[in-house]
Amino acid sequence: MWDLSSSFVFSENDVGKNRALASLQKLQELNNAVVISTLTTTLTKQKLSDFQAVVFTDISLEKSLEYNDYCHNHQPPISFIKTEVRGLFGTVFCDFGPKFTVFDVDGEEPHTGIIASISNDNPALVSCVDDERLEFEDGNLVVFSEIQGMKELNDGKPRKIKSVRPYSFTLEEDTTNFGTYVKGGIVTQVKQPKVLNFKPLRAALKDPGDFLLSDFSKFDRPPLLHIAFQALNRFICEFGRFPVARSEEDAQKFISIAGNINECLGEGGLEDINPKLLTHFAFGARAVLNPMAAMFGGIVGQEVVKACSGKFHPLFQFFYFDSVESLPVEPLDPIDFKPLNSRYDAQISVFGSKLQKNLEDAKVFIVGSGALGCEFLKNVALMGVSCGSQGKLTITDDDVIEKSNLSRQFLFQDWNIGQAKSTVAASAAVSINPQLKIEALQNRVGPETECVFNDDFWENLTVVINALDNVNARLYVDQRCLYFQKPLLESGTLGAKCNTQMVIPHLTENYGASRDPTEKQAPMCTVHSFPHNIDHCLTWARSEFEGLLEKTPAEVNAYLSNPSEYATAMRNAADAQAKDNLERILQCLEQEKCETFQDCVTWARLRFEDYFVNRVKQLTFTFPEDATTSTGAPFWSAPKRFPRPLQFSTTDPSHLQFIMAASILRAETFGIPVPDWVKNTKMLAKAVEKVIVPDFQPKEGVNIETDEKATSLSTGSVDDAAVINELLLKLEHCRNNLPSGFRMKPIQFEKDDDTNYHMDLIAGLANMRARNYSIPEVDKLKAKFIAGRIIPAIATSTAMATGLVCLELYKVLDGAHKVEDYRNTFANLALPLFSMAEPVPPKVMKHRDMSWTVWDRWILRGNPTVRELIQWLKDKGLNAYSISYGSCLLFNNMFPRHKERLDKKVVDVAREIAKEDLPPYRSHLDVVVACEDDEDNDINIPQISVYYR
């Protein structure tokens, strides 16, 4: 029964069965491509030679030493990982052999820079454009390419750099006799392999070296836990069992063994073995808790990947962790820890049945049912959260399951693709623990769903757990939790990185109190005319895809559905955007209208010519290669790259691939059947050769945007209204020639269907454009990653983040912990790095004898008038001069007419000014009041909730 506290693959029906055999089916369902086998006989050393990596989770130290010696000395070495979770304490040990090569120590893309100048010196100074700060470090190796003038550096030889500054570095090379630098050039970091010399466990036990720290407030903890885990092994060997939970006698025996081990270390021993901590260790030693298993499962899972791939830096070599702060604050009666013969007995042995009851009766809201959401559901189901008669778990997610989700959202299977995430996840969670009281919703959480997630809903919650993938939604939930004073457990992942943040009422700052810097966006003119990396090309390709295949067909349909109403809207707008919309509709239905598949091939071929030939000829005609700016500097200086037009050829497979994808998708928008011959290279080439491509002549006076601050590439003019009327007349004529009921089919970009040609077209657009600008091209997978805006997500960091959050959930539901007991975490499993710290307390504001934080909300009942509200504040020594409700100004003492509102009810003024009815589920409204003290200093006071019923 104790296994049910920590393992989602077991059910109560499996009690008494072999653990490996009982796990097999559930594990196999996770991925049919992975062949899983079981071994239920005695493990021999020779059997280990079948494997690249072995993980031991439940084994004596003596056996570990024996197996590790074999793995370490085996040729080739077998990567050995030993891990244990004992209550709120855990450890990992790694030995990947005497000489293990790491090919990529951090998993980051090689850093690059665009060169601005290189001196003929010893050593040479290399300056880069101030487009982006350099991310190099002293001692890095780099290679150069595309340099004009100093061509000696283009030989591909790695060179060491030093004295790295934000936009420059020194090259450890004499360039005095090299050619003079003219222009151009890219510098790229070269990642160097690293060889690690692991010690075997036998040697590492005696000389563990530096421990990997996770919490700097516990810098002395790892050496103590190093002794504690050895003492536990000795206790089990001596007594044939684990220490009994809450047995003071067993705890004393355990402490005595730990003391003996420490004494044997002589001068290397510890001054204080912390009996209190060792008592906690002994009390919970038999239990494997789900959050600890999730966290260590994530860490060890990533170590296995490192062992088999050489990607990311392995854990070297011991890691110890504890979350003793998760224990209940108040002392409990030993009887509270007595087993109840339930699936939660392991957890009760550590936390007691009182906290278990709190877990079961909790009313929890999990926002999101993706990677984090699935892990959280599994965790809370195993912990017994919301599994009692008073408990309820609500989960919401408006998304459906896609194939790419299956790599980490483990509650979903192949047959669930297309179904609602929250519904499937809830059903899977109930199969883990049938006692779970869960409701699955498909609503996005935001202002538009406050009728669903209303005041009563928020007020009845115990805790909120975010499992979101975007900042705006996080900020909204943060504001709701702030308003209703509910704990919010926040987390996020990015590849191998993860972070957790605890938002606890009145103890910590809220999520929105600190913000990450906004991601830098490429200027529009760079994307449109002056790309200098593949990201720019893919951004442009995605934009063109949406414009051609989604927005324009949607505009066509909007016009055809109600021509007169659409025409009125365009005339009223009378701007460049309206003109642009009408021109695109007319172009689509007149010049570029497709009736046969050959028309679609013609359209695709002419698009190629427009994008990759004519536009480049126009650009280089307007700005020739020797063009200069108004200051006399070369126009085509870094980071700009001078483009060259392409020459279309039916013998170039990438050109034909572009035509095929573009013509198939164009046919889809017009509802034209796609013939089989389009996939035959020779027949497609013949169809393309039929297309007559008109000659192109660049024009004088074409305006090409070069201002990096411009946000739009189309400009309005005084003639827009006249042009719009003319376009509408042409469109009316065109519409009369269309078949009755004609509509186009807009295509929404879908990255995960490899048969729909969406990524083929986007990769083709981006790579042809990259070829124009001599930018390295990318394969379809890399293009999908960038254009699909895929946030890298893996199961290991997700498991670790949710495990850490659920260790904090124990504290929240205990309800008596101080801010110093909580932990925020940043971790990067690639390095590996673990950094835990206390949350930041909220900022305290003071006035007279009052103090408040962002968590406070003042409440005024009795349906007051504006005057009564002002007087209520006056009694607190605050002079109110302005009252607002949302974006409406209810009162300001500068406006004489506002004095008429003083004796009106605040709610009536709000209804009158806002011109809207207050929601029926609300009994109050929230106003923001600007106040001064008697010395005319502005005082930021909390929001005031004015109750009107």
Side-chain angles (χ1 to χ4, degrees), residues 363-370 372-373 392-400 420-422 439-492 501 503 505 509-516 518-519 854-860 882-890 906-930 940-949:
K363 293 173 179 63
V364 180
F365 187 25
I366 296 181
V367 191
S369 185
L372 287 164
K392 183 180 179 184
L393 192 155
T394 305
I395 184 159
T396 191
D397 196 310
D398 66 343
D399 203 1
V400 296
K421 282 186 175 180
S422 59
E439 181 182 11
L441 302 174
Q442 284 85 50
N443 302 93
R444 184 186 294 267
V445 179
E448 68 280 5
T449 55
E450 286 183 9
C451 55
V452 178
F453 307 110
N454 57 24
D455 291 11
D456 285 346
F457 173 83
W458 286 99
E459 283 167 355
N460 284 321
L461 292 174
T462 313
V463 62
V464 180
I465 300 174
N466 263 354
L468 289 161
D469 62 358
N470 69 90
V471 171
N472 288 338
R474 284 184 167 105
L475 288 169
Y476 175 80
V477 175
D478 177 56
Q479 284 304 306
R480 295 277 84 190
C481 289
L482 202 60
Y483 185 85
F484 291 100
Q485 303 194 6
K486 300 297 177 184
L488 170 64
L489 309 188
E490 172 61 58
S491 57
Q501 181 180 348
V503 178
E509 67 177 12
N510 62 310
Y511 171 79
S514 56
R515 298 284 294 275
D516 291 334
T518 54
E519 200 170 315
V854 68
W855 286 102
D856 288 293
R857 175 163 55 107
W858 289 352
I859 292 172
L860 179 57
S882 179
I883 304 169
S884 56
Y885 167 62
S887 59
C888 301
L889 183 65
L890 304 187
V906 174
V907 65
D908 293 334
V909 177
R911 285 194 183 107
E912 178 189 330
I913 304 302
K915 292 184 172 57
E916 61 182 42
D917 289 331
L918 296 166
Y921 53 83
R922 280 269 159 84
S923 57
H924 69 272
L925 60 91
D926 300 305
V927 295
V928 175
V929 184
N940 291 320
I941 66 168
Q943 197 173 41
I944 300 174
S945 294
V946 177
Y947 280 76
Y948 50 85
R949 61 169 178 243

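Just the heavy atoms: all of them, side chains too, but no hydrogens, waters or symmetry mates, feed the values below.
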Tell me whether R857 contacts the main-chain N or O of Y483 through its side chain, where contact means a donor paired with an acceptor under 3.5 Å. yes
Tell me, please, which residues at least two apart from Y947 pass ring pair (Phe, Tyr, Trp, His ring centres under 6.0 Å). H924
My understanding is that only residues two or more places apart in sequence, or in another chain, count here; which of them pass ring pair (Phe, Tyr, Trp, His ring centres under 6.0 Å) with Y476?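 Residues passing ring pair (Phe, Tyr, Trp, His ring centres under 6.0 Å) with Y476: none at all.
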Can you list every pair that meets side-chain hydrogen bond (donor to acceptor under 3.5 Å, both in side chains) and has a residue in residues 440-449, with sequence neighbours left out?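 Counting only pairs at least two positions apart or across chains, the side-chain hydrogen bond (donor to acceptor under 3.5 Å, both in side chains) contacts touching residues 440-449 are D398-R444, S422-Q442, T423-Q442.
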Please collect all side-chain hydrogen bond (donor to acceptor under 3.5 Å, both in side chains) contacts where either partner lies in residues 451-462, sequence neighbours excluded, each pair once. D455-R922
Partner residues of [X] under the side chain to side chain donor-acceptor pair (under 3.5 Å) criterion, sequence neighbours left out:
| X | value |
| --- | --- |
| R474 | E490 |
| N510 | D478 |
| N940 | none |

[X] versus [Y], closest heavy-atom pair with distance:
| X | Y | answer |
| --- | --- | --- |
| L372 | A467 | CB-CB, 3.7 Å |
| D926 | Y885 | O-CD1, 3.4 Å |
| I941 | V929 | CG1-O, 3.7 Å |
| L461 | V364 | CD2-C, 4.2 Å |
| V907 | L925 | CA-CD2, 3.6 Å |
| V452 | F457 | O-CB, 4.4 Å |

Report the residues that fulfil salt bridge (Lys or Arg N to Asp or Glu O under 4.0 Å) with K392, sequence neighbours left out, ordered by chain and then residue number. E439
Row check, F365 ring normal vs R480 NZ/CZ: under 6.0 Å, within 45°: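 No; the conditions do not both hold, so R480 does not lie above the ring face of F365.
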From C888 SG over to I883 CD1, what is the distance, rounded to the nearest 0.5 angstrom?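 Answer for the SG-CD1 pair, C888 versus I883, is 13.5 Å.
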Check side-chain contact (heavy atoms from CB on, under 4.5 Å) between V471 and all other residues, then give those that pass, not counting sequence neighbours.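 By the side-chain contact (heavy atoms from CB on, under 4.5 Å) rule, V471 matches L475, Y511, R515.
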Checking D856 now: which residues fulfil side-chain contact (heavy atoms from CB on, under 4.5 Å) with it, not counting sequence neighbours?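 Expected list: H506, W852, T853, P942.
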Taking only residues at least two apart or on different chains, which pairs with a member in residues 940-949 satisfy salt bridge (charged side-chain N to carboxylate O under 4.0 Å, His left out)?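 Applying salt bridge (charged side-chain N to carboxylate O under 4.0 Å, His left out) to every pair that reaches into residues 940-949, excluding sequence neighbours, yields nothing.
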